[in-house]
There are 2 protein chains.
Amino acid sequence: MRPKAGTRGPSRTRVFNAAAAEFAARGYAGANMDRIARAARLNKAMIYYHFGSKAALYRAILVDMFDDVGRRVRDVASSNASPDDKIRAFVAAIADAAAAHPHFPPIWLRELAEGGQHVDTATLTYARNVLETLAAIIHEGGAAGRFVPANPLVVHAGIVAPLMFFFVTDGIRAKLGRAGVTHVSNITRAGVVEHVQRIALAVLEGRVG
Amino acid sequence: MRPKAGTRGPSRTRVFNAAAAEFAARGYAGANMDRIARAARLNKAMIYYHFGSKAALYRAILVDMFDDVGRRVRDVASSNASPDDKIRAFVAAIADAAAAHPHFPPIWLRELAEGGQHVDTATLTYARNVLETLAAIIHEGGAAGRFVPANPLVVHAGIVAPLMFFFVTDGIRAKLGRAGVTHVSNITRAGVVEHVQRIALAVLEGRVG
DNA sequence: GTCTATAAATAGATAGAC
DNA sequence: GTCTATCTATTTATAGAC
């Protein structure tokens, strides 16, 4: 197995982490190589020494992200929990991955917004595996007579979309709170995860209509 | 040959439409003033003549977007439909606004991803009004004994997040389809809207847990 | 209102020393 | 592996003619 990004030498790791933060905050086009170099406490030439180009650097971050999510999700599917618990664990796994890689939600959201422009075949395969894993859990639950038939892509979107929204709207929720909107502060990560788990199960168990 | 849609009308409108498409496709930083000018079949100087700067042009599009969504949503709330139907109409209104302004979902999603960096006070007020309108409908349903208490922000996210995902993932869904993922083609706008309506009502009527 | 031409700044990428 | 210096292309923005 390829070593995880971040274990391959101090300067490469520093570049990787600085770049992840920069891409998350400003997007691919908005990201600036000079700023990444400064944040990594290195010079710009070192970025090109380690990664070759801005695009390659970005793709390395994408692959690292999906690699991790994929691993977590596969662990869930290969456990011998009940289908219900696997769905709960699937939701938790996505949330855990997002919490472990704070740059993940903004980067992924932007990638969606631009139609997966920077997603190469390798990255797409990782993303696809996450989806297929969920599909397998749904199928398993159907075979066990616990789930009704459901489109895996729709269920997936119903899980990922609200979670990404939650992780990404910290800043905006704070802005709304300062603008006088109530109900802002009593939204917690655990609460959102539980909410999403319940909705996913209600859908899969045919309790929504 | 007839001008392309979006290049008709007075020059200010042409700039506006071309810019909306460009910002949607490439984000604020990725958008290019030359490309906007070409798409509007005008020269770049005209953009500055009409809007002054790239940032001002972008903000004009943001305000226009939220202004329209706000109008549609207010119409829903001020009708005398039942709370259930108002929720259904609220969901449909968001989807209609997104369909009427195809640039809306990608721009909004990116804006979320960067924490509302380009959202000024005016835009925030529009966004806030949409939320308060939903809160009012929820409150009304509660007073009528039809809805259980629910956090409006959570309900709002549960509606908007999946809808935005749907509108924004056309390209990626096509990519996934070509990569062999099944269940991709039988996702329709109407189906997603109905799904989201049902989930929102299931949540508000206390049927999810 | 509309255009051409260009200034001024920025940013991705590379050369070459150490 | 790390650095400084720089090349080259791109891009926001403006000047000024018509």
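Values below: all heavy atoms of this structure, side chains included; hydrogens, waters and symmetry mates excluded. Lettering follows sequence order; numbering is per chain, from 1.
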[X] and [Y] ion-paired at < 4.0 Å:
X       : Y        : answer
A:Asp96 : A:Arg189 : yes
B:Arg88 : B:Glu194 : no
B:Glu22 : B:Arg26  : yes
B:Asp67 : B:Arg71  : yes

Measuring to OP1 and OP2 of D:dA13, would you say a side-chain N or O of B:Tyr48 lies under 4.0 angstrom away? yes
Reckon [X] touches a base, only the sugar-phosphate, or nothing at all at heavy-atom distances under 4.0 Å?
X       : result
A:Met46 : base
B:Asn32 : sugar-phosphate
B:Ala31 : sugar-phosphate

May I have all residue pairs that pass ring-ring contact (aromatic ring centres under 6.0 Å, His included) and include part of residues 20-68 of chain A, sequence neighbours excluded? A:Phe23-A:Tyr28, A:Phe23-A:Tyr58, A:Tyr28-A:Tyr58, A:Tyr28-A:His118, A:Tyr58-A:His118, A:Phe66-A:Phe104, A:Phe66-A:Trp108
Footprint ends on DNA chain C, 5' to 3', for atoms under 4.0 angstrom from a heavy atom of chain B, come out as C:dG1 to C:dT4
Rounded to the nearest 0.5 angstrom, the CG-CG distance for A:Leu153 and A:Leu131 is 5.0 Å
Between [N] ([atom2]) and [X] ([atom1]): distance, integer Å:
X       : N      : atom1 : atom2 : value
B:Lys44 : D:dT14 : NZ    : C1'   : 10 Å
A:Lys54 : D:dT10 : NZ    : P     : 14 Å
B:Asp34 : D:dT11 : CG    : P     : 8 Å
A:Ile47 : D:dT4  : CD1   : P     : 13 Å

Which sits closer to the 5' end of DNA chain C, A:Ala29 or A:Ala45, going by the nucleotide each is nearest to? A:Ala29
Position toward the 5' end of DNA chain D (nearest nucleotide), A:Arg41 or B:Arg35: A:Arg41
